[in-house]
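These values consider heavy atoms only, across backbone and side chains, with no hydrogens, waters or symmetry-generated copies. Residue numbering restarts at 1 for every chain, and letters A, B, ... go by the order of the sequence lines.
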Amino acid sequence: KNQVEQSPQSLIILEGKNCTLQCNYTVSPFSNLRWYKQDTGRGPVSLTIMTFSENTKSNGRYTATLDADTKQSSLHITASQLSDSASYICVVSSFNDYKLSFGAGTTVTVRA
Amino acid sequence: DGGITQSPKYLFRKEGQNVTLSCEQNLNHDAMYWYRQDPGQGLRLIYYSQIVNDFQKGDIAEGYSVSREKKESFPLTVTSAQKNPTAFYLCASSTGGTDLNQPQHFGDGTRLSIL
């Protein structure tokens, strides 16, 4: 069964600090890995998409890394802002079909 | 601006009642999806449609039904057969086709609760 595990489940950081979120997956055959940001009560918004040939991709202060060999990804948030408070969801796609496998998300709270 | 509109934002269902959640997109996307989000769990696929007049069951289709009569619309009906319908429902769309690397764009969801 394709699975996506995220850690930690939640974290609290001070404004201006950095943090790193982790994602491990067992999806096979691997097509791509996505990170989404979901604000409370809103729909997820795409941050990055990486295929197996890409090992890093940035979107502003967000940098995602991918190690397709170990099936791990991370999302690094630099110089966090209050607006970064949200749930961050790791999503993995398989070549087999159009379905996506979603992690449960990491809830990030940024405090002033 | 292009996007996905879900309505209503909040919906309450009485026992034995069917309710319909609306999803409209003006992105000219071929593919549309319905997901259910429960606390502490990843999104789960209910139904998806790759093209007008065609749709497929996802992982948790029991108690739900959909139609795809128009490209821009993909309504979801939560029937009385769905015994635990309280959740946050998300509609998404993508360009579809054979390019699996396109992102899915999401609406802002409908929160369904039981009266």
For Gln3(A), is there any backbone N or O sitting under 3.5 Å from a side-chain donor or acceptor partner on Thr26(A)? yes

What orientation do Tyr35(B) and Phe106(B) show, parallel under 30°, tilted 30 to 60°, or perpendicular over 60°? tilted

Please classify the contact of Gln6(A) with chain B as side chain, backbone, both or neither, using a heavy-atom distance under 4.5 Å. neither

Please look at Gln37(B) and chain A and tell me whether the side chain, the backbone, both or neither of the residue comes under 4.5 angstrom of a heavy atom of that chain. side chain

Contacting moiety of Leu43(B), where chain A heavy atoms sit under 4.5 Å: both

Can you say whether the rings of Tyr25(A) and Phe30(A) are parallel (under 30°), tilted (30 to 60°) or perpendicular (over 60°)? parallel

Using non-hydrogen atoms and a 4.5 Å limit, figure out which bit of Asp38(B) sits close to chain A: side chain, backbone, both or neither. neither

Looking at CD of Glu15(B) and NZ of Lys83(B), how far apart are the two atoms once the value is rounded to the nearest 0.5 Å? 7.0 Å

Of the listed Ser46(A), Gly103(A), Ala104(A), Pro44(A), the one with the largest count of heavy-atom pairs under 4.5 Å with chain B is Pro44(A)

Could you report the tightest heavy-atom contact between Trp35(A) and Cys23(A), atom names first, then the distance? CZ2-CB, 3.6 Å

